[in-house]
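Each remark here refers to the structure printed beneath this line.
To find a chain, count down the sequence lines: A is the first, B the second, and so on, and within it residues start at 1. Quick caveat: nothing in here was measured; it's all calculated off a predicted structure.
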Amino acid sequence: MPSKAAFFDVDGTLVKTNVVHVYAYYAMNRGSVLGIAGRTLSTAVSVPLFGVMDALDRKTFNEFFYRYYAGLTEDRLVTIAEDMFEDVLEPALFEQSQDLIDQARRSGCKVVLVTGALDFTMRPLARHLGADDLIANKMQFVGGKATGKVIPPIIEGANKANAIRAYCVKEGLALDKCHGYSDSASDYAMLAVVGRPTAVNPDLRLRSIARAYNWPILDLK
Amino acid sequence: MRPFKTLQKLYDEESQVVITEKGSPPRALFHGEGFLQEDLPVGTRVIFPRPPMAGVPNVKAAIRWAINHPEGMEPLHALLRPGMRLTCVIDDISVPLPPMVTPDVRQSILEVVLELAADSGVDDIHLVIANALHRRMTEGEMRRMVGQKIYDAFYPDRYYNHDAEDPDGIVALERTSHGEEVSVNRRVAESDLIIYVNVNFVPMNGGHKSMGTGVSNYASLRHHHNPKTIRESDSYMEPKASALYRSNERIGRNIDKHLKVFHIETALNNRMFGGPTDFLAKKEEDYTEADRLKFQALRYTLSKMPRAAARKVLSAIPAPYEVTGVYAGATEPAHQKTLETSWKQYVVPVEGQSDIVIFPIPFISPYSVNSILNPLLVQVMGLGYFYNLNRGVPLVKKGGVLILLHPAYDEFDPEHHPSYIEFFNRLLPETRDSMKLEHKYEREFAENPSYVHLYRKGNAYHGVHPFYMWYWGENGRQHVGKVIVAGAENNHVPALMGWDRTDTLTEAIEEARGFMGRSATISLLRIAPTVMVDVK
């Protein structure tokens with residue numbers, strides 16, 4: 001039984017996209033899925049707008065967007081997620097992501113994806129990469145239909161660190177032996193909580209943090 | 001009163017050993033990326049490298065002669081068959097130091113071998129760099145090593161670095177009688193013939209170490225790259241005194257049993273400096289006025305440059321080494337000939353050990369080509385390589401003092417040496433005990449997925465490499481009573497290493513004398529170029 005895990009952020013770390021692309025995919029399918037988004041924003045306008053909002057405040061952006069899911073059935077969301085994986089996520093995977101995950105497994109780690117995206121959108125990816133577990137946001141469903149609200153706490157920023165800590169306690173893993181991988185300084189908490197943090201394709205701020213703390217820096221292609 | 005024998009030596013211009021007297025000139029000594037000019041106490045024994053041996057007049061003719069008259073094997077042309085699978089395994093950039101002027105001797109060998117192979121109808125040829133757990137060579141370095149023509153024809157599909165972490169790229173052979181795992185590169189294992197292209201820089205290289213280490217993996221290397229084996233080695237440079245050599249021999253013999261390996265070994269002379277820096281190879285007694293001026297100009301310029309720039313300048317000067325011998329054939333007889341030539345070039349006989357020994361540490365090491373000599377590598381140079389440049393009896397007495405000349409700066413290359421940084425900052429503050437480090441942390445570093453990734457996809461040394469570097473200094477550490485680093489620019493690096501520090505060499509000698517007594521004998525190994533002592 002592994003006594004350690006490798007926690008991977010997804011957007012920008014394992015795949016070239018970020019969460020905005022996933023939302024954009026849903027937005028482009030607005031005729032059947034996101035009727036509200038379709039009525040209010042054309043795709044061409046909405047994607048850059050999402051990007052700006054995401055850059056300003058990920059949490060507010062998430063909450064703003066999640067409400068577009070209200071009223072949709074779980075089955076439908078899962079079906080779209082499968083298409084979205086094939087159309088958006090799989091082509092955007094870094095070539096070396098799978099190698100990195102396989103290496104983590106060979107070194108005796110459980111592989112866990114940690115992401116601020118919704119769990120059903122990430123499940124096909126987790127399956128594809130052979131991850132053991134997925135820590136992601138969960139949509140609230142009532143009577144099989146999405147309420148547009150996410151079950152708190154929202155997995156983002158410091159909450160990612162809390163989720164990782166809780167996961168290690170639950171699974172009996174040694175946090176100081178665990179590895180963490182992320183591309184963004186917004187995941188500083190997640191990286192700082194594990195004993196073996198690594199910056200992957202880091203943004204400028206994370207690169208300078210990684211240099212200061214002597215964390216390894218990987219550039220995935 | 002000095003014994004007459006010593007006085008005689010004083011005036012012997014042919015001798016490589018000079019005893020410092022009152023009128024002796026100050027010594028030009030490497031100090032990282034700079035130089036020191038130091039007066040040594042009267043009576044100090046200065047050991048100079050031998051003058052370069054004459055190189056063979058025609059390298060390609062020597063290569064052709066060697067492969068046509070190999071030791072213990074049929075000539076190479078008789079081993080080549082149309083349609084066979086041939087792999088040339090090549091020593092990596094860690095030798096020679098500094099990299100030699102082009103054409104590199106490896107290029108000359110490959111030009112001869114590949115032409116012969118083509119004439120014999122051999123098309124399935126791969127060139128594999130035997131980098132073991134060293135960093136992958138960059139494209140530019142690979143091109144320089146074999147020349148543009150071979151590079152264009154083979155890179156990247158058929159000319160590449162060995163990958164010790166490729167899960168499908170390693171084949172395990174039968175274990176040795178001592179239970180050592182024997183693993184080799186899959187392409188190599190599945191070849192009908194392997195030609196090992198060697199550059200022998202010091203007697204530790206070549207022979208069974210070439211294949212046993214160069215195309216192996218961590219599982220196999222850990223059987224001899226460990227503190228126990230190192231402690232059982234009296235010198236890495238004398239096969240009879242080296243447990244490391246014996247382990248490689250066992251592994252290599254197993255490889256030879258299963259694979260057909262044709263070795264081509266080359267010995268180089270020690271013409272490390274040429275052109276404007278050739279004075280560095282001279283005894284200071286022989287400096288002309290122009291040499292003195294050149295030295296002062298070089299020393300001044302380097303001292304005014306940022307360190308990174310000085311490093312660039314020094315690294316840009318290739319060494320005009322000449323080939324002194326080419327030997328081919330079966331592993332052991334071919335290597336024996338290489339060793340004899342190597343000793344002829346490097347060994348200087350000296351009378352007795354010294355209480356205090358001074359090693360000037362230059363800017364380069366086998367593990368910092370085009371990079372930074374970080375503190376762990378300074379340790380490797382002093383307590384690992386220089387301490388071991390002997391034939392079983394170290395230059396320094398048991399319990400004596402080693403003085404290293406180096407700024408001991410806290411600088412690391414995050415691209416080449418990422419795991420060194422963690423080792424230095426996290427592990428050394430906890431312990432310097434090699435056994436404990438091996439037991440508690442070695443596997444963790446070896447298997448760290450980030451370090452494995454950086455080794456396989458970047459240009460980083462393997463995660464476990466800093467451990468090997470630490471072990472490399474182990475028999476030196478066990479032997480000496482004290483290490484002082486003279487000219488260290490900070491306190492914490494020497495402290496983490498377990499060394500004393502002083503600002504100047506004079507202070508270091510004073511401290512060493514305080515430790516060993518006022519009548520302590522002193523030797524200086526005036527390296528580089530390479531010199532080995534044979535202590536009688």
Side-chain angles (χ1 to χ4, degrees), chain A residues 2-9 13-14 94-112 129-132 173-183 191 194-202 206-221, chain B residues 135-136 138-139 156 163-170 217-219 372 374-376 410-430 440-466 492 496:
Chain A
S3 63
K4 56 184 179 178
F7 296 97
F8 291 90
D9 169 56
T13 304
L14 297 175
F94 290 114
E95 270 177 48
Q96 297 172 347
S97 297
Q98 188 70 57
D99 284 344
L100 186 61
I101 284 177
D102 292 346
Q103 188 53 50
R105 188 178 301 289
R106 277 198 292 277
S107 75
C109 291
K110 278 186 90 155
V111 174
V112 184
L129 292 171
D132 297 297
L173 306 175
L175 197 57
D176 65 332
K177 287 187 180 163
C178 289
H179 297 261
Y181 294 86
S182 179
D183 68 311
L191 293 173
V194 294
R196 306 280 172 271
T198 297
V200 182
N201 299 336
L206 182 60
R207 193 174 284 273
S208 84
I209 291 171
R211 286 263 185 272
Y213 287 101
N214 292 321
W215 295 346
I217 297 174
L218 310 186
D219 290 303
L220 293 192
K221 288 175 188 140
Chain B
R135 70 174 173 89
R136 290 181 338 133
T138 64
E139 287 175 26
D163 181 352
E165 286 292 342
D166 179 357
D168 304 319
I170 301 285
N217 66 352
Y218 170 61
I372 301 169
N374 64 50
L376 289 173
D410 184 357
E411 276 185 43
F412 288 84
D413 181 337
E415 195 188 325
H416 289 186
H417 304 118
S419 63
Y420 281 57
I421 304 174
E422 186 181 353
F423 183 96
F424 181 74
N425 290 296
R426 182 163 81 91
L427 305 194
L428 280 190
E430 182 187 320
K440 203 170 165 189
Y441 294 113
E442 187 188 291
R443 188 170 284 271
E444 178 202 320
F445 272 60
E447 293 176 348
N448 184 317
S450 302
Y451 295 144
V452 171
H453 179 89
L454 286 164
Y455 162 78
R456 296 191 66 196
K457 312 291 180 188
N459 295 99
Y461 279 81
H462 193 274
V464 80
H465 207 260
H492 71 278
L496 272 179

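A donor and an acceptor atom, one from each side chain of Thr13(A) and Asp183(A), are located under 3.5 Å apart. Between Tyr218(B) and Glu165(B), the side chains place no donor N or O within less than 3.5 Å of an acceptor N or O (distance only, hydrogens not considered).
Neither the backbone nor the side chain of Ile101(A) comes within contact range of chain B, judged by heavy atoms closer than 4.5 Å. For chain A, the nearby part of Arg426(B) is the side chain; its heavy atoms alone come within less than 4.5 Å. Looking at Arg105(A), neither its backbone nor its side chain comes within 4.5 Å of chain B, counting heavy atoms on both sides.
The NZ atom of Lys4(A) sits 9.0 Å away from atom SG of Cys178(A), with the distance rounded to the nearest 0.5 Å. In this structure, NZ in Lys221(A) is found 11.5 Å from CZ in Phe94(A), a value given to the nearest 0.5 Å.
Relative orientation of the His417(B) and Tyr461(B) rings is parallel, given thresholds of 30° and 60° on the angle between their planes.
Within residues 444-454 of chain B, the residues having any heavy atom closer than 4.5 Å to a heavy atom of chain A are Glu444(B), Glu447(B), Asn448(B), Pro449(B), Ser450(B), Tyr451(B), Val452(B), His453(B), Leu454(B), listed by residue number.
Contact count against chain B (heavy-atom pairs under 4.5 Å) is highest for Arg196(A) among Gln96(A), Lys177(A), Arg196(A). Of the residues considered (Asn214(A), Leu220(A), Ile217(A)), Asn214(A) shows the highest number of contacts with chain B, using heavy-atom pairs under 4.5 Å.
Here the shortest heavy-atom pairing between Ile170(B) and Asp163(B) reads CD1-O, 4.0 Å.
Between Phe8(A) and Tyr181(A), a ring centre-to-centre spacing shorter than 6.0 Å is recorded.
Glu442(B) contributes no side-chain N or O that, together with a main-chain N or O of Val464(B), makes up a donor-acceptor pair within less than 3.5 Å.
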